[in-house]
Amino acid sequence: MIIVTDSERKIRLPFSRGIPTRSITLAGIDVGIAYAIATEVQKELERKGKKAITTDEIRELTYQKLLEKGLREEAKRYLFWRELRRRKVRLTVLLGGATGVGKSTIATELAFRLGIRSIIGTDTIREVMRKIIAKELLPDIHVSSFLAERVVKAPRNSDPLIYGFETQVKHVSVGIKAVLERARREGLNALIEGIHVVPGFVEPREDEFMYIITVPMKEHLIAHFYERARYSQRDAEKYVKHADRIMRIQDYLVERAREHGIPVIENVELESTVSTIIADMMKKLEEMGV
């Protein structure tokens with residue numbers, strides 16, 4: 001067994017390939033290749049008969065492995081993210097997007113790579129609010145986001161679907177802001193995902209990252225609904241029936257994102273989507289001089 005010592009955190013743990021794998025994927029390397037490199041690192045340590053090693057030594061060895069494979073840009077990015085972790089830079093990511101575009105799956109993969117331990121879904125925030133606030137007081141939070149128009153009275157000359165959706169977002173945003181304020185106050189990492197993450201209703205700070213996730217066409221959305229139903233108790237048909245309404249909400253979210261300068265990312269393939277987000281985060285952090 002190889003024991004790894006983290007001199008800054010004053011802890012000693014057995015070497016695990018999963019930890020360097022996560023760090024390497026942040027450099028934009030496929031998880032399979034990252035795991036293979038982490039395995040090479042472990043084998044070299046065993047070949048050298050190492051029983052104890054520091055995190056700095058692992059970082060240097062991993063960096064050299066990346067260079068040996070001609071991955072110079074990736075090696076640079078690897079050091080960047082390692083340094084960010086060492087300095088305990090707070091990371092806050094907000095993922096918005098219409099129902100069924102893949103936000104939860106993206107959030108899970110992103111949290112793993114960034115080392116964020118807690119993912120908060122805005123549907124969870126809404127569920128807590130439902131238990132506290134009676135349906136008679138806030139009827140909109142007690143229905144699906146794409147059906148909120150049925151329980152609120154839209155003004156004349158407004159789009160009832162969008163008005164109902166905005167009404168629900170306005171109420172759930174109170175909970176989102178509370179979670180954000182706590183993360184800021186305590187310096188915690190946070191990943192918040194959900195349809196209620198809407199530009200203008202939730203305002204990220206300069207050092208926070210917001211993205212709106214989309215799908216190219218209604219057919220992609222429907223495919224996501226059926227795929228999701230395989231692993232949950234959500235009835236795909238309920239959502240398929242309202243796919244046109246959900247796509248209209250997506251159009252609205254894209255418009256809001258453009259108005260507020262929030263990146264819109266089309267989710268066709270998970271690895272590409274996650275890599276695009278991480279690359280954008282790195283670019284912005286570098287621009288901030290972090």
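This is a predicted model, so every value here is computed, not measured.
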Step-by-step side-chain hydrogen bond (donor to acceptor under 3.5 Å, both in side chains) determination, Glu74 to Tyr63: CA-CA 9 Å; Glu74 289 82 354; Tyr63 176 70; over 6 Å; no
Audit row: Lys69, Glu40, side-chain contact (heavy atoms from CB on, under 4.5 Å) steps and yes/no: CA-CA 12 Å; Lys69 295 182 182 300; Glu40 286 183 27; 2.9 Å; yes
Trace of the side-chain hydrogen bond (donor to acceptor under 3.5 Å, both in side chains) decision for Asp140 with Thr167: CA-CA 7 Å; Asp140 55 275; Thr167 301; 6.0 Å; no
Residue pair Tyr78, Glu83: steps toward the side-chain contact (heavy atoms from CB on, under 4.5 Å) verdict: CA-CA 9 Å; Tyr78 168 75; Glu83 178 63 12; over 6 Å; no
Derivation and outcome, side-chain contact (heavy atoms from CB on, under 4.5 Å), residues Val197 and Val169: CA-CA 8 Å; Val197 174; Val169 168; over 6 Å; no
Arg90/Asp207 under side-chain contact (heavy atoms from CB on, under 4.5 Å): CA gap, chis, key distance, verdict: CA-CA 8 Å; Arg90 186 178 74 89; Asp207 60 345; 4.0 Å; yes
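Arg156 and Ser158 share no side-chain donor-acceptor pair at under 3.5 Å. Using modelled atom types and a 3.5 Å distance limit, the side chains of Thr273 and Glu269 yield no donor-acceptor pair. Side-chain polar atoms of Glu68 and Gln64 form no donor-acceptor pair below 3.5 angstrom.
Separating the OH atom in Tyr35 from the CD atom in Gln42 is a distance of 7.5 Å, to the nearest 0.5 Å. Taking CG from Leu221 and CD from Gln250, the interatomic distance works out to 7.0 Å, rounded to the nearest 0.5 Å. For the atom pair CD1 of Ile213 and CG of Asn267, the computed distance is 6.5 Å after rounding to the nearest 0.5 Å. Once rounded to the nearest 0.5 Å, the distance linking CD1 of Ile119 with CG of Asn189 reads 12.0 Å. Within the model, atoms CD1 of Ile265 and CD1 of Ile106 stand 8.0 Å from one another, a figure rounded to the nearest 0.5 Å. Arg228 contributes atom CZ, which lies 5.5 Å from atom CZ of Phe225 (distance to the nearest 0.5 angstrom).
Checking side-chain atoms of Glu57 against main-chain N and O of Thr54 turns up a donor-acceptor pair under 3.5 Å. Between the Lys103 side chain and the Ala98 main chain, a donor and an acceptor come within less than 3.5 Å of each other. Remark: the backbone N or O of Ile120 is not paired with any side-chain donor or acceptor of Thr124 at under 3.5 angstrom. Under the 3.5 Å distance criterion, the side-chain polar atoms of Thr25 are matched with a main-chain donor or acceptor of Arg22.
Of all non-hydrogen atoms in Pro204 and Met210, the two that sit nearest each other are CD-CE, 3.8 Å. Heavy-atom minimum distance, Gly164 versus Val152: CA-CG2, 3.7 Å. Ser173 and Val202 get closest at one heavy-atom pair: OG-CG2, 4.0 Å. Heavy-atom minimum distance, Ala34 versus Thr21: CB-O, 3.7 Å. When every heavy atom of Ile162 is checked against every heavy atom of Arg248, the shortest pair comes out as CD1-O, 4.3 Å. Closest non-hydrogen pair, His224 versus Gly100, comes out as ND1-O, 2.8 Å.
A salt bridge links Arg245 with Glu149: the closest approach of a Lys/Arg side-chain nitrogen to an acidic carboxylate oxygen falls below 4.0 angstrom. Ion pairing between Glu46 and Lys51 fails under the 4.0 Å rule for side-chain N and carboxylate O. Between Glu109 and Arg113 there is a salt bridge, since a side-chain N of the basic residue sits under 4.0 Å from a carboxylate O of the acidic one. A salt bridge links Arg59 with Asp56; the closest basic N to acidic carboxylate O contact falls under 4.0 Å.
Residues Leu71 and Ile29 have side chains in contact (heavy-atom distance under 4.5 Å, counting atoms from C-beta outward). Between Trp81 and Ser23 the shortest side-chain heavy-atom distance does not fall below 4.5 Å. Side-chain contact check for Ile192 versus Leu180: some heavy-atom pair is nearer than 4.5 Å. Counting heavy atoms from C-beta on, the side chains of Tyr226 and Ile222 come closer than 4.5 Å. Residues Ile212 and Pro199 have side chains in contact (heavy-atom distance under 4.5 Å, counting atoms from C-beta outward). In this structure, the side chains of Met281 and Leu114 come closer than 4.5 Å at one or more pairs of heavy atoms. Taking 4.5 Å as the limit, some side-chain heavy atom of His260 sits within range of a side-chain heavy atom of Arg256. Taking the side chain as every heavy atom from C-beta outward, Glu127 and Asp123 never approach each other to under 4.5 Å.
Evaluation of the side-chain hydrogen bond (donor to acceptor under 3.5 Å, both in side chains) test over residues 276-287, restricted to residues two or more places apart or in two chains, returns Tyr211-Asp280, Asp280-Lys284. Sorted by first then second residue, the salt bridge (charged side-chain N to carboxylate O under 4.0 Å, His left out) pairs that include residues 180-202, not counting sequence neighbours, are Arg182-Glu186, Arg184-Glu208.
Between Phe165 and His196, the angle of the ring planes stays under 30°, which puts this pair in the parallel group of the 30/60° scheme.
In the hydrophobic clustering of ILVMFWY residues, with side-chain heavy atoms under 4.5 Å counting as a link, Phe146 and Val143 come out apart. Criterion: ILVMFWY side-chain heavy atoms under 4.5 Å apart, direct or through other members. Under it, Val264 and Ile278 are part of a common hydrophobic cluster. Taking hydrophobic clusters as Ile, Leu, Val, Met, Phe, Trp and Tyr residues chained together by side-chain heavy-atom distances below 4.5 Å, Leu270 shares a cluster with Leu110. Each of Ile19 and Ile2 belongs to its own hydrophobic cluster when Ile, Leu, Val, Met, Phe, Trp and Tyr are linked at side-chain heavy-atom distances under 4.5 angstrom. Ile262 and Leu285 fall within the same hydrophobic cluster, defined by Ile, Leu, Val, Met, Phe, Trp and Tyr side-chain heavy atoms under 4.5 Å apart, directly or through other members.
Counted within 6.0 Å of CZ on Arg72, heavy atoms from surrounding residues, nucleotides or ligands total 12 or fewer; the atom is thus considered open. No more than 12 heavy atoms of other residues, nucleotides or ligands lie within 6.0 Å of CZ in Arg258, so this atom counts as exposed by the packing criterion.
Residues satisfying the side-chain contact (heavy atoms from CB on, under 4.5 Å) test with Glu44, not counting sequence neighbours, are Arg47, Lys48, Leu61, Lys65.
Applying side chain to side chain contact (heavy atoms under 4.5 Å, CB included) to Ser145 and the options Ile246, Val172, Leu161, Thr99 leaves one that passes, Thr99.
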